[in-house]
Amino acid sequence: MSVNDDVLLVHGGTPLEGEIRVRGAKNLVPKAMVAALLGSEPSRLRNVPDIRDVRVVRGLLQLHGVTVRPGEEPGELVLDPTRVESANVADIDAHAGSSRIPILFCGPLLHRLGHAFIPGLGGCDIGGRPIDFHFDVLRQFGAVIEKRADGQYLEAPKGLRGTKIRLPYPSVGATEQVLLTAVLAEGVTELSNAAVEPEIEDLICVLQKMGAIIAMDTDRTIRITGVDALRGYNHQALPDRLEAASWASAALATEGDIYVRGAQQRSMMTFLNTYRKVGGAFEIDDEGIRFWHPGGQLKSIALETDVHPGFQTDWQQPLVVALTQATGLSIIHETVYESRLGFTSALNQMGAHIQLYRECLGGSDCRFGQRNFLHSAVVSGPTKLQGADLVIPDLRGGFSYLIAALAAQGTSRVHGIDLINRGYENFMEKLVDLGAKVELPGQALG
Ligand SMILES: CC(=O)N[C@H]1[C@@H](OP(=O)(O)OP(=O)(O)OC[C@H]2O[C@@H](n3ccc(=O)[nH]c3=O)[C@H](O)[C@@H]2O)O[C@H](CO)[C@@H](O)[C@@H]1O
Ligand SMILES: C=C(OP(=O)(O)O)C(=O)O
């Protein structure tokens with residue numbers, strides 16, 4: 001995509017109507033691809049979306065000697081890790097790209113090669129995003145970590161041994177780090193205060209198919225019994241509940257009606273409850289979920305993001321755009337990332353009334369109270385939005401700006417749209433299919 005392609009003109013005021021499809025989850029697929037590194041034979045992953053985070057991990061795996069090729073059905077990848085030991089790894093930095101995933105190569109590479117090099121990480125700029133939990137748990141397994149100018153170098157001189165770990169916070173990435181390391185470690189690992197997001201359960205399903213022994217208790221404890229070797233897997237990735245919720249929020253904000261094929265009730269229950277409280281309508285069938293604005297006024301709500309089964313933080317930004325159209329004061333308390341509300345200043349430029357606070361507004365005190373982070377918001381609505389010049393700050397913030405521009409009167413210029421390709425497959429085609437009036441300057445869409 002050239003620099004000029006990275007701007008989208010959005011002519012707002014048209015409800016989004018029609019059907020789109022979501023495929024495998026951005027927060028599962030790249031991790032399942034990394035899991036293939038642990039196997040002694042090829043794995044098949046189905047329902048793989050064509051998004052940048054998948055391409056980045058594909059490049060990293062290939063660099064490590066994994067052959068990745070399309071399978072028989074569309075969206076299927078076959079990952080063959082049988083030649084990892086003979087790979088000559090070079091130029092890893094160039095492939096790290098914008099994703100968080102390279103950190104999850106640690107355990108699998110330590111098992112296979114006895115060493116690993118992890119370059120700087122990407123991912124959304126929505127808080128400090130430290131990786132201290134990852135390195136703490138790897139040390140507990142027996143890894144030795146050396147910080148170098150261009151990244152982290154790891155070795156496991158005595159191999160990796162099962163251990164008892166308690167996470168300070170139920171981090172998704174650190175839980176996955178433990179899973180991907182413990183399955184081939186010697187002995188039993190007991191992880192408490194683990195994250196239990198649906199994508200983690202799906203990763204556990206992948207690992208169990210490979211031959212791992214993993215038990216999940218009801219109290220955030222996961223017990224992994226290390227095994228000597230793992231096979232390949234054949235797995236259909238769970239659908240992207242975060243993308244599905246983004247389109248649901250778009251339907252609400254634009255007074256539209258969108259059938260999201262692939263959306264699943266089970267992984268979206270908390271979102272669906274909130275959607276209903278706001279006044280959004282939905283109807284669930286075996287193939288997907290239809291989301292629509294039923295007419296009348298939307299209702300303001302108090303919303304707190306949290307780890308699963310709480311309200312997922314990645315659902316927050318798109319829903320906030322819809323809340324600018326709700327009557328009264330909505331309160332948002334972001335408890336997962338300290339800086340995930342900065343995107344609201346552009347919404348204010350468009351006519352929204354959103355005030356940020358350092359205090360924990362809403363139900364509970366969180367890690368960010370008293371620490372000077374603007375992590376609570378009060379949204380006062382409804383407000384008419386006007387088109388504006390917008391610069392995309394991060395993945396979900398970017399999609400939120402698209403929704404705001406579509407809900408607004410007039411034309412917006414949305415800069416930096418390529419970032420949205422990191423987690424939304426074919427989003428421009430989907431917008432066109434839903435009747436959005438969008439154009440890439442100098443090019444026809446749809
Ligand atoms: C690729 C992927 O799956 N990304 C998801 C994953 O990110 P990711 O796995 O990076 O998020 P985590 O759950 O680890 O982060 C949650 C919190 O823990 C903190 N933390 C995390 C690790 C660490 O070593 N130290 C530390 O302090 C973070 O700063 C953050 O405040 O889960 C997030 C929370 O559901 C989602 O928003 C992201 O979309
Ligand atoms: C924060 C997100 O992703 P990542 O962890 O990949 O930056 C996201 O998907 O909203």
Side-chain angles (χ1 to χ4, degrees), residues 22 24-34 49 51-57 96-106 118 121-140 145 152 165 167-180 193-203 220 237-238 240-246 249 267 270-271 305-319 334-340 342-343 366-368 371 373 375 392-400 419-425:
V22 294
K26 158 190 168 283
N27 287 353
L28 175 273
V29 168
K31 292 121 185 226
M33 292 170 72
V34 176
I51 53 174
R52 175 131 41 88
D53 274 22
V54 167
R55 292 195 286 272
V56 167
V57 175
S98 56
S99 141
R100 308 282 309 153
I101 308 302
I103 188 80
L104 295 178
F105 279 68
C106 292
I118 306 301
L121 300 184
C124 283
D125 184 9
I126 46 184
R129 310 205 72 175
I131 44 174
D132 51 333
F133 302 166
H134 293 253
F135 290 136
D136 287 350
V137 302
L138 285 162
R139 282 194 191 93
Q140 288 189 59
I145 302 166
Q152 311 272 348
I165 298 168
L167 291 178
Y169 181 83
S171 150
V172 169
T175 299
E176 292 159 345
Q177 185 73 262
V178 171
L179 288 168
L180 291 167
N193 209 24
V196 292
E197 269 59 9
E199 293 79 11
I200 289 181
E201 276 194 49
D202 211 40
L203 181 63
R220 293 192 179 279
L238 92 165
D240 200 314
R241 67 193 170 110
L242 310 175
E243 184 186 354
S246 293
S249 296
S267 62
T270 309
F271 179 82
T305 64
D306 206 347
V307 294
H308 187 77
F311 190 93
Q312 227 280 350
T313 168
D314 301 348
W315 289 331
Q316 178 258 111
Q317 289 158 296
L319 191 69
E334 170 59 62
T335 79
V336 181
Y337 293 113
E338 62 271 34
S339 307
R340 207 170 197 175
F343 79 108
C366 77
R367 297 169 295 154
F368 310 136
R371 286 179 54 207
F373 294 116
H375 71 293
I392 285 180
D394 57 74
L395 178 62
R396 308 293 164 191
F399 196 85
S400 305
L419 213 148
I420 299 179
N421 291 312
R422 192 158 93 71
Y424 292 86
E425 183 179 46

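Each ligand, and each atom within it, is numbered from 1 in the order the structure gives. The shown structure was predicted, so the numbers you read here are calculated from the model rather than taken from an experiment. Position 1 is the first residue of the sequence, and the numbers go up from there.
- Looking at Gln312 next to ligand 1, an N or O pair under 3.5 Å apart turns up.
- Note: no N/O pair closer than 3.5 Å links Asn27 and ligand 2 by distance alone.
- The shortest N or O to N or O distance between Phe133 and ligand 1 is below 3.5 Å.
- In terms of polar-atom proximity, defined here as any N/O pair under 3.5 Å, Tyr169 makes no such contact with ligand 1.
- With rounding to the nearest 0.5 angstrom, the CD1 atom of Ile103 is 6.0 Å from the CD1 atom of Ile118.
- The nearest non-hydrogen atom to atom 21 (C) of ligand 1, considering only Pro170, Ala174, Ser171, comes from Ser171.
- No cation-pi contact links Arg241 to Phe271, judged by a cut-off of 6.0 Å to the six-membered ring centre and 45° from its axis.
- Some N or O of Pro130 is nearer than 3.5 Å to an N or O of ligand 1, by distance alone.
- Shortest contact from atom 25 (N) of ligand 1 to any protein heavy atom: Asp132 OD1, 2.7 Å.
- With a 4.0 Å cut-off on non-hydrogen atoms, Gln312 does not touch ligand 2 at all.
- Residue Arg129 approaches ligand 2 through these ligand atoms, each under 4.0 Å from one of its heavy atoms: 1 (C), 4 (P), 5 (O), 7 (O).
- Of all atoms in ligand 1, numbered sequentially from 1 with element shown, those under 4.0 Å from a heavy atom of Asp314 are 36 (C), 37 (O), 38 (C), 39 (O).
- Under 4.0 angstrom from ligand 1, the non-hydrogen atoms of Arg367 all belong to its side chain.
- At a 3.5 angstrom cut-off on N or O pairs, Tyr337 counts as close to ligand 1.
- Between Arg396 and ligand 2, an N or O atom pair is found at a separation short of 3.5 Å.
- Only the side chain of Ile126 comes within 4.0 Å of ligand 2, judged by heavy-atom distances.
- Regarding atom 8 (P) of ligand 1, its nearest protein heavy-atom neighbour is Arg129 NH2, 3.7 Å.
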